[in-house]
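As the structure is a computational prediction, the values presented were derived from the model and not from experiment.
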Amino acid sequence: MDILHNLAFGFGHALTLQNLMFCAIGCVVGTLVGLLPGLGPLATISLLLPLTYSIPTGGALIMLAGIYYGAQYGDSVSAITMKIPHASSIVACIDGYQMTVKGKTGLALFTAGISSFIGGTVAIVVLAGLAPSLGEVALLFGPADYCSLMLLGFLCVSFVTTGSLLNGLAMCLVGVLLGQIGTDVNSGQQRYTFDLPFLAEGVGLVSVALGCFGIAEITKNLDAREERSPFSGKIHLMPTWAEFKRIIPSALRGSAVGSFLGILPGGGPVIAQFAAYALDKKVSKHKDEIGSGAIEGVAGQAAADEAAARTSFIPLMSIGIPENPVMALMMAAFVIKGIQPGPNMISGHPDLFWGLVASMWVGNVFLVVLNVPLVRYWLSVFKIPYGVLFPAILFFCCIGTFSVNNNLDDIFVTAAFGLLGYVFMRLDLDAAPLMLGFILGPMLEEYFRRAMLLSRGSFMTFVNRPISGGLLALIAVFVVWQLVVFWRGRQQPAALSAVSESAA
């Protein structure tokens, strides 16, 4: 009853005409930003942060939050239609783009929209009911626990790869090595920079994602002998009842994964999408289709993406710890308005806390009302001849890459990864495991070093801590189980061949 009372109190603030306007502006701006290659909520919030000086406190925070989770949905649109992802929509390129190739773009976009609504709704329930206590969960995780969590994340490589497992592991290792480029934080030494100044700060995630997916796909299309024709034909938008029954379980699983990982620093939408995809590929009734254009491959990651975007507010508002750069900017917006996020925020500023929580569900409704009917307009991009479309895509890719650091060299780095991604495609190598290694590799190194410093070089810290020990045990069980499955798979053909020979 207290939760219902608090939510009613929050909706009383969120449903004012002024706050509704700011929420709608945030959702629209966030969606448009998500559609543009390279741009994201971090860049947009950075640009709009000064505007919060002249906007009322509640409206400013609601608008910035709307930009954040609005961009999460916009990301999936560009990933599904053009295979141009942002950090939080890399997995959407796998099955989402395959659905586009099969002429099911409308169904894929509708699935992403509905799944995002489900994920956001589940996360808001978690946020409203468990924010005060769940924020303390993040404090239980130490460096050794996060290190083991990152190792568990590497197991996703066996699920996100669409080719052989050996190739997937090799690509993941390449991603880990690429993540080591730059200046070592502890020693100050440059690693793998080849004395090139623009590599001193490392390779940007935007450059790798746009190059290996977006530019590589454009190059592949231009290299194809058949000429791409503009989109034509009937748009298949609404799912059948059988398809809808496949969407709901996947979206609920993704919502649960995203809600949990959104709480943990180092988790968030980027890791949640890989985890939800791996879970779907393991437990879905149609797991054999995932990777070749299955509806579950879109629904699960979209729900996890939105759920993690919302529950990432829990550490910020309950214990005052921002878990990613976007949350750090949100914390700056709080501080600008004279509010210190933390344990006293709920009791000291209940109108802001519950108003922000309620506005997230209002924003969820705005995203569905605005974006699902607009699916037909998103598909109008296919009516543009490809000879006109691809230069525009490359132009936005360059703008998005340049806007991250205002560095012209980043454009050349993106072009280099575009060439590398094209080579990967020609060799039938999947770039998704590379992105997984690129994201998790530096995080694993950072937490491993912290754990070693705190334990004075003792590896027993990974076993002695209950959370880390439990995660390592889970990893061991999974590896042994996979080896057993592999061994049985090798033995079954041999047994069948022996039976056939004896019968002959």
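Contact check on R449 versus D184 returns a salt bridge, with a Lys/Arg side-chain nitrogen under 4.0 Å from an Asp/Glu carboxylate oxygen.
Here the OG1 atom belonging to T31 is positioned 12.0 Å from the CZ atom belonging to F366, to the nearest 0.5 angstrom. Taken from CZ in F478 to CD1 in I475, the straight-line distance is 10.0 Å, to the nearest 0.5 Å. Going from atom CG of L109 over to atom NZ of K104 covers 14.0 Å, rounded to the nearest 0.5 Å. Annotation: the span from L279 atom CG to S250 atom OG amounts to 8.5 Å, rounded to 0.5 Å. To the nearest 0.5 Å, atoms CG (L429) and CG (L434) are separated by 10.0 Å. N364 contributes atom CG, which lies 6.5 Å from atom CD of E306 (distance to the nearest 0.5 angstrom).
Heavy atoms of other residues, nucleotides or ligands lying less than 6.0 angstrom from CZ of F198 number more than 12. Remark: E445 CD is packed, more than 12 non-hydrogen atoms of other residues, nucleotides or ligands lying under 6.0 Å away.
Residues V176 and L444 have side chains not in contact (no heavy-atom distance under 4.5 Å, counting atoms from C-beta outward). The closest side-chain heavy-atom distance from S468 to Y146 is not below 4.5 Å. Considering only heavy atoms from C-beta on, M63 comes within 4.5 Å of I55 through its side chain. Contact of the F417 side chain with the I215 side chain is not registered, since no non-hydrogen atoms from C-beta on lie closer than 4.5 Å. L440 is listed as a side-chain neighbour of I271, based on a closest heavy-atom distance under 4.5 Å. For the pair F117 and T121, the minimum side-chain heavy-atom distance is below 4.5 Å. M99 places none of its side-chain heavy atoms less than 4.5 Å from the side chain of I80. Two residues are said to be in side-chain contact when any heavy atoms from C-beta on lie closer than 4.5 Å; Q301 and F274 fail this criterion.
Minimum heavy-atom separation, L61 to A333: CD2-CB, 4.0 Å. The shortest heavy-atom contact between A276 and A304 is CB-CB, 3.6 Å. Of all the heavy atoms in L367 and C27, the pair that sits closest is CD2-CB, 3.9 Å. The minimum heavy-atom distance between Y69 and A65, with the atom names listed, is CD2-O, 2.9 Å. When every heavy atom of A431 is checked against every heavy atom of M171, the shortest pair comes out as CA-CE, 4.1 Å. What you find for Y192 and I181 is that their closest heavy atoms are O-CG2, 3.8 Å.
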- Message: I'd like to know whether R253 forms a side chain to side chain contact (heavy atoms under 4.5 Å, CB included) with S284, so could you lay out the CA-CA distance, the side-chain angles of the two residues, the decisive distance to 0.1 Å, and finally the verdict.
- Response: CA-CA 10 Å; R253 286 192 295 267; S284 173; 4.0 Å; yes

- side chain to side chain contact (heavy atoms under 4.5 Å, CB included) assessment of S116 paired with D305: CA-CA 7 Å; S116 297; D305 189 24; over 6 Å; no

- Let me see the working for R191 and T183 under side chain to side chain contact (heavy atoms under 4.5 Å, CB included), right down to the final yes or no. CA-CA 6 Å; R191 303 182 300 186; T183 303; over 6 Å; no

- For side chain to side chain contact (heavy atoms under 4.5 Å, CB included), just list the numbers for N167 and L427, CA-CA rounded to whole Å, side-chain angles, deciding distance to a tenth of an Å, and then say yes or no. CA-CA 10 Å; N167 289 343; L427 297 176; over 6 Å; no

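In this structure, D280 contributes its side chain and Y277 its backbone to no donor-acceptor pair below 3.5 Å. Within the 3.5 Å criterion, the main-chain N or O of G293 finds a donor-acceptor partner in the side chain of D95. Distance alone, capped at 3.5 Å, places no donor-acceptor pair between the T193 side chain and the Q190 backbone. With hydrogens and angles ignored, the 3.5 Å screen pairs a side-chain donor or acceptor of S148 with a backbone N or O of A144. In this structure, S115 contributes its side chain and A302 its backbone to no donor-acceptor pair below 3.5 Å.
Partners of F448 by ring pair (Phe, Tyr, Trp, His ring centres under 6.0 Å), not counting sequence neighbours, listed by chain and number: F462.
A donor atom on one side chain and an acceptor atom on the other are not found under 3.5 Å apart for E289 and S292.
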